Engineer: 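Here it is, the structure in full.
Keep in mind that this is a model prediction, so the values were computed, not measured. Residues: numbered from 1 along the sequence shown.
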Amino acid sequence: MVTKDTRKEINNILVIKLRYLGDVVLTTPVFEALRYYYPEASITALVNKGTDAMLINNPNVDRIFVVERDENPLTDLKKQIDLILKLRRLHFDMALELTKNDRGAAYSFLSGAKKRLGYKSKPENIRRFDRHLLFTDLIVIPKGTHMVDRHLQMIEQLGHVPPSRSPVLYWDKEESLSCEEILLQEGLSLDSEFVVLHPILKSKYRAWRIEGYAKLCDHLKDEFDITTVLVCGDSRDEVDFTNKIAGLSRSCPVNLGGRLSLRHLVVLLANATMFVGIDSGPMHMAAAVKTPVVAIFGPTEKKTWAPWGENHTIVQKEWECIPCIKEGCNNSGKSRCLDELSCEDVIGVAGSRLRTILERT
């Protein structure tokens with residue numbers, strides 16, 4: 001626990017989260033709490049390359065370091081050493097490792113921070129030399145804890161009550177204007193009513209069926225006269241997937257698959273009427289900007305990864321094997337719980353949710 005007196009001794013804080021986009025979005029309440037309780041401290045984030053976009057313009061983050069990897073072992077080693085030296089020069093007083101992996105634990109220890117908080121491993125996972133030995137404080141996470149609450153247990157371990165539990169993203173006027181330009185080329189604007197659909201990640205075991213997505217686009221147009229905007233990453237598989245949805249749909253959804261930067265995506269989601277998509281970074285981004293979410297879940301544990309906040313809905317099979325938390329059935333890459341999710345299940349929920357939203361506006 002950090003007392004009021006010892007708070008003054010904490011001038012440099014390091015927060016480590018070496019996971020994916022959505023994971024970093026869900027750390028933002030931690031930065032807010034640290035700024036609230038340590039207003040004079042410099043707060044640094046250490047995240048994987050690409051996920052730093054989730055912290056840009058965040059007033060609670062003073063500095064962002066990214067972990068870059070290289071296939072060449074010698075080049076990779078040099079990059080990691082250079083990063084560690086940069087961290088050590090900042091003389092951190094405290095490090096919060098939110099990832100629960102060996103690499104994050106190593107960065108926490110090698111940063112030189114005097115106080116280092118990490119998560120305790122399960123007894124069956126502790127090896128002769130385990131990462132928990134690199135921390136000064138360990139936190140036990142109850143099973144089924146949502147990732148936001150899990151992160152904030154670090155703040156509670158310090159003896160503080162989080163001022164907010166809501167993830168948040170920030171953007172600026174220039175990013176809004178450039179996103180508007182992209183939409184205008186497609187006959188839309190940020191003031192238009194539109195639904196954002198994020199149908200796939202590189203890991204296809206989380207994706208629903210192409211024909212189902214196409215029917216959803218058509219239903220939203222036919223029933224509500226509202227356009228669907230398709231988004232995805234820039235990998236070939238993801239772009240091909242969204243192209244197939246657009247080609248199969250007769251309602252001409254706006255296909256921005258692979259064309260938006262993450263910063264533009266933040267702006268798009270913030271102005272959308274509703275978001276429909278899989279368990280993913282964009283889903284957590286949409287919830288963070290307070291856009292209503294209809295999430296399509298397969299083998300995912302919704303207690304841990306549900307979109308945070310109110311006005312969100314999850315469509316998921318109620319089978320005994322869910323959540324298996326595997327990459328498809330028996331790690332096959334194909335999820336039967338998604339393949340057998342009917343159009344009526346998804347379209348019915350999405351349509352009902354959109355009707356309620358439009359009636360309120």
Engineer: Give a yes or no on whether the backbone of Val168 and the side-chain of Thr28 come within a donor-acceptor separation of less than 3.5 Å.
Structural biologist: yes
Engineer: Does Ala306 offer a backbone N or O that forms a donor-acceptor pair with the side chain of His146 under 3.5 Å?
Structural biologist: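 Indeed, once roles are kept as given, a pair shorter than 3.5 Å links the two residues.
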Engineer: Kindly determine whether Asp82 and Lys86 satisfy salt bridge (charged side-chain N to carboxylate O under 4.0 Å, His left out), including the steps that lead there.
Structural biologist: CA-CA 6 Å; Asp82 288 345; Lys86 289 177 182 177; over 6 Å; no
Engineer: At their closest point, which heavy atom of Ala41 faces which heavy atom of Arg35, and how far apart are they?
Structural biologist: O-NH1, 3.1 Å
Engineer: Looking at Pro292, is its backbone amide N or carbonyl O close enough to the side chain of Asn311 to form a donor-acceptor pair, meaning the two atoms are under 3.5 Å apart?
Structural biologist: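 No: the side chain of Asn311 does not pair with the backbone of Pro292.
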Engineer: Taking the side chain from Thr75 and the backbone from Glu71, do they hold a donor-acceptor pair closer than 3.5 Å?
Structural biologist: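 Checking the backbone N and O of Glu71 against the side chain of Thr75, no donor-acceptor pair under 3.5 Å is found.
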Engineer: Calculate, to the nearest 0.5 Å, the distance between atoms CE and CG belonging to Met94 and Asn12 respectively.
Structural biologist: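 Met94 atom CE to Asn12 atom CG measures 10.5 Å (nearest 0.5 Å).
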Engineer: With a 3.5 Å distance limit and no angle check, can you tell me whether Asn48 reaches the backbone of Leu18 through a side-chain donor-acceptor pair?
Structural biologist: yes
Engineer: Rounded to the nearest 0.5 Å, what separates atom OG1 in Thr51 from atom NZ in Lys17?
Structural biologist: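 So the OG1 of Thr51 and the NZ of Lys17 are separated by 10.5 Å.
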Engineer: Can you establish whether the number of heavy atoms outside Lys334 located under 6.0 Å from its atom NZ is more than 12?
Structural biologist: no
Engineer: Applying side-chain contact (heavy atoms from CB on, under 4.5 Å), can you list everything that pairs with Arg355, at least two apart in sequence or on another chain?
Structural biologist: Glu223, Phe224, Glu359
Engineer: Under the side-chain contact (heavy atoms from CB on, under 4.5 Å) criterion, do Asn271 and Phe194 qualify, and how do the steps go?
Structural biologist: CA-CA 8 Å; Asn271 288 275; Phe194 58 87; 4.3 Å; yes
Engineer: Compare every heavy atom of Arg116 with every heavy atom of Leu134, then report the nearest pair and how far apart it is.
Structural biologist: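 Closest approach of Leu134 to Arg116: O-NE, 2.7 Å.
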Engineer: Side-chain heavy atoms under 4.5 angstrom apart, residues restricted to Ile, Leu, Val, Met, Phe, Trp, Tyr: same cluster for Leu220 and Val196?
Structural biologist: no
Engineer: Determine whether the side chains of Asp149 and Gln153 contain a donor N or O and an acceptor N or O closer than 3.5 Å.
Structural biologist: no
Engineer: Under a 4.0 Å N-O cut-off, is there an ion pair linking Glu9 with Lys114?
Structural biologist: no
Engineer: Enumerate, atom names and distances included, each donor-acceptor pair closer than 3.5 Å involving a side-chain atom of residues 239-254, sequence neighbours excluded.
Structural biologist:
{"from": "Asp240", "atom 1": "OD1", "to": "Arg236", "atom 2": "NE", "distance (Å)": "3.1"}
{"from": "Asp240", "atom 1": "OD1", "to": "Arg236", "atom 2": "NH2", "distance (Å)": "3.0"}
{"from": "Thr242", "atom 1": "OG1", "to": "Glu238", "atom 2": "O", "distance (Å)": "3.4"}
{"from": "Thr242", "atom 1": "OG1", "to": "Val239", "atom 2": "O", "distance (Å)": "2.9"}
{"from": "Asn243", "atom 1": "OD1", "to": "Asn255", "atom 2": "ND2", "distance (Å)": "2.8"}
{"from": "Asn243", "atom 1": "ND2", "to": "Val239", "atom 2": "O", "distance (Å)": "3.3"}
{"from": "Ser249", "atom 1": "OG", "to": "Asp218", "atom 2": "OD1", "distance (Å)": "2.6"}
{"from": "Ser249", "atom 1": "OG", "to": "Ser251", "atom 2": "N", "distance (Å)": "3.2"}
{"from": "Ser249", "atom 1": "OG", "to": "Ser251", "atom 2": "OG", "distance (Å)": "2.8"}
{"from": "Arg250", "atom 1": "NH1", "to": "Asp222", "atom 2": "OD1", "distance (Å)": "3.3"}
{"from": "Arg250", "atom 1": "NH1", "to": "Asp222", "atom 2": "OD2", "distance (Å)": "3.2"}
{"from": "Arg250", "atom 1": "NH2", "to": "Asp222", "atom 2": "OD2", "distance (Å)": "2.6"}
{"from": "Ser251", "atom 1": "OG", "to": "Cys217", "atom 2": "O", "distance (Å)": "3.4"}
{"from": "Ser251", "atom 1": "OG", "to": "Asp218", "atom 2": "OD1", "distance (Å)": "2.7"}

Engineer: Looking at Pro163 and Tyr37, what are the two nearest heavy atoms and their distance?
Structural biologist: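 Closest heavy-atom pair between Pro163 and Tyr37: CD-CE1, 4.1 Å.
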Engineer: Where the side chain of Ser111 meets the backbone of Ala113, is there a donor-acceptor pair that is under 3.5 Å apart?
Structural biologist: yes
Engineer: Do Ile322 and Tyr205 share a hydrophobic cluster, counting only Ile, Leu, Val, Met, Phe, Trp and Tyr and linking them when any side-chain heavy atoms are less than 4.5 Å apart?
Structural biologist: no
Engineer: Measuring from Asn101:CG to Tyr107:OH, what's the distance to the nearest 0.5 Å?
Structural biologist: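 So the CG of Asn101 and the OH of Tyr107 are separated by 10.0 Å.
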Engineer: Under 4.5 Å between any side-chain heavy atoms of Val47 and Met54, yes or no?
Structural biologist: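 They are not in contact (no side-chain heavy atoms under 4.5 Å apart), so the answer is no.
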Engineer: What heavy-atom pair brings Leu341 and Trp208 nearest, and what distance separates the two atoms?
Structural biologist: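 So the two residues come closest at O-NE1, 2.9 Å.
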Engineer: Once you round to the nearest 0.5 Å, how far does CG of Leu260 lie from CG of Leu265?
Structural biologist: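 The CG atom of Leu265 is 6.0 Å from CG of Leu260, to the nearest 0.5 Å.
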Engineer: Under the criterion side-chain contact (heavy atoms from CB on, under 4.5 Å), I'd like the reasoning laid out for Ile56 against Arg263: C-alpha separation, chi angles, the key distance, then a yes or no.
Structural biologist: CA-CA 9 Å; Ile56 291 174; Arg263 301 301 302 163; 4.0 Å; yes
Engineer: Any sub-3.5 Å donor-acceptor pair from His312's side-chain atoms to Glu310's backbone N or O?
Structural biologist: yes
Engineer: Let me see the working for Lys202 and Asp237 under salt bridge (charged side-chain N to carboxylate O under 4.0 Å, His left out), right down to the final yes or no.
Structural biologist: CA-CA 7 Å; Lys202 291 180 183 178; Asp237 284 349; over 6 Å; no
Engineer: Hey, is the main chain of Leu188 close enough, under 3.5 Å, to the side chain of Glu180 for a donor-acceptor pair?
Structural biologist: no
Engineer: Step through the shown structure and confirm whether more than 12 heavy atoms of other residues, nucleotides or ligands are within 6.0 Å of CG on Asn330.
Structural biologist: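 Result for CG/Asn330: open.
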Engineer: Could you state the interatomic distance from CD1 (Ile64) to CG (Leu55), rounded to the nearest 0.5 Å?
Structural biologist: 5.0 Å
Engineer: Identify the two heavy atoms, one from Leu184 and one from Ser189, that lie closest to each other, and give their separation to 0.1 Å.
Structural biologist: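 Smallest heavy-atom distance, with atoms named: CD2-CB, 4.1 Å.
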Engineer: In a table with atom names and distances, give each donor-acceptor pair under 3.5 Å that connects a side chain of residues 279-291 to protein atoms at least two apart or in another chain.
Structural biologist:
{"from": "Asp279", "atom 1": "OD2", "to": "Thr300", "atom 2": "OG1", "distance (Å)": "3.0"}
{"from": "Ser280", "atom 1": "OG", "to": "His198", "atom 2": "ND1", "distance (Å)": "3.1"}
{"from": "Ser280", "atom 1": "OG", "to": "Ile278", "atom 2": "O", "distance (Å)": "3.1"}
{"from": "Ser280", "atom 1": "OG", "to": "Met283", "atom 2": "N", "distance (Å)": "3.4"}
{"from": "Thr291", "atom 1": "OG1", "to": "Leu269", "atom 2": "O", "distance (Å)": "2.5"}

Engineer: Hey, does the side chain of Tyr119 reach the backbone of Arg150 with a donor-acceptor pair shorter than 3.5 angstrom?
Structural biologist: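 Yes; judged by distance alone, with no hydrogens or angles, the pair exists.
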Engineer: Can you find a heavy atom in the side chain of Val229 that is under 4.5 Å from one in the side chain of Val195?
Structural biologist: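 Not touching, per the 4.5 Å side-chain cut-off.
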Engineer: Between the side chain of Arg206 and the main-chain N/O of Gly298, is any donor-acceptor distance below 3.5 Å?
Structural biologist: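 Side chain of Arg206 to backbone of Gly298: no pair is present.
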Engineer: What do the steps show when you test Glu211 against Cys343 for side-chain contact (heavy atoms from CB on, under 4.5 Å), and what is the final call?
Structural biologist: CA-CA 9 Å; Glu211 63 273 18; Cys343 290; 5.6 Å; no
Engineer: Decide yes or no for Thr228 and Leu216: does some side-chain heavy atom of the first lie under 4.5 Å from some side-chain heavy atom of the second?
Structural biologist: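 Sidechains of Leu216 and Thr228: no contact.
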Engineer: Can you tell me how far the CD1 atom of Ile139 sits from the CD atom of Gln157, to the nearest 0.5 Å?
Structural biologist: 4.5 Å
Engineer: Taking all non-hydrogen atoms of both residues into account, name the closest pair between Asn60 and Phe31 and its distance.
Structural biologist: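 Asn60 and Phe31 have their closest heavy atoms at CB-O, 3.5 Å.
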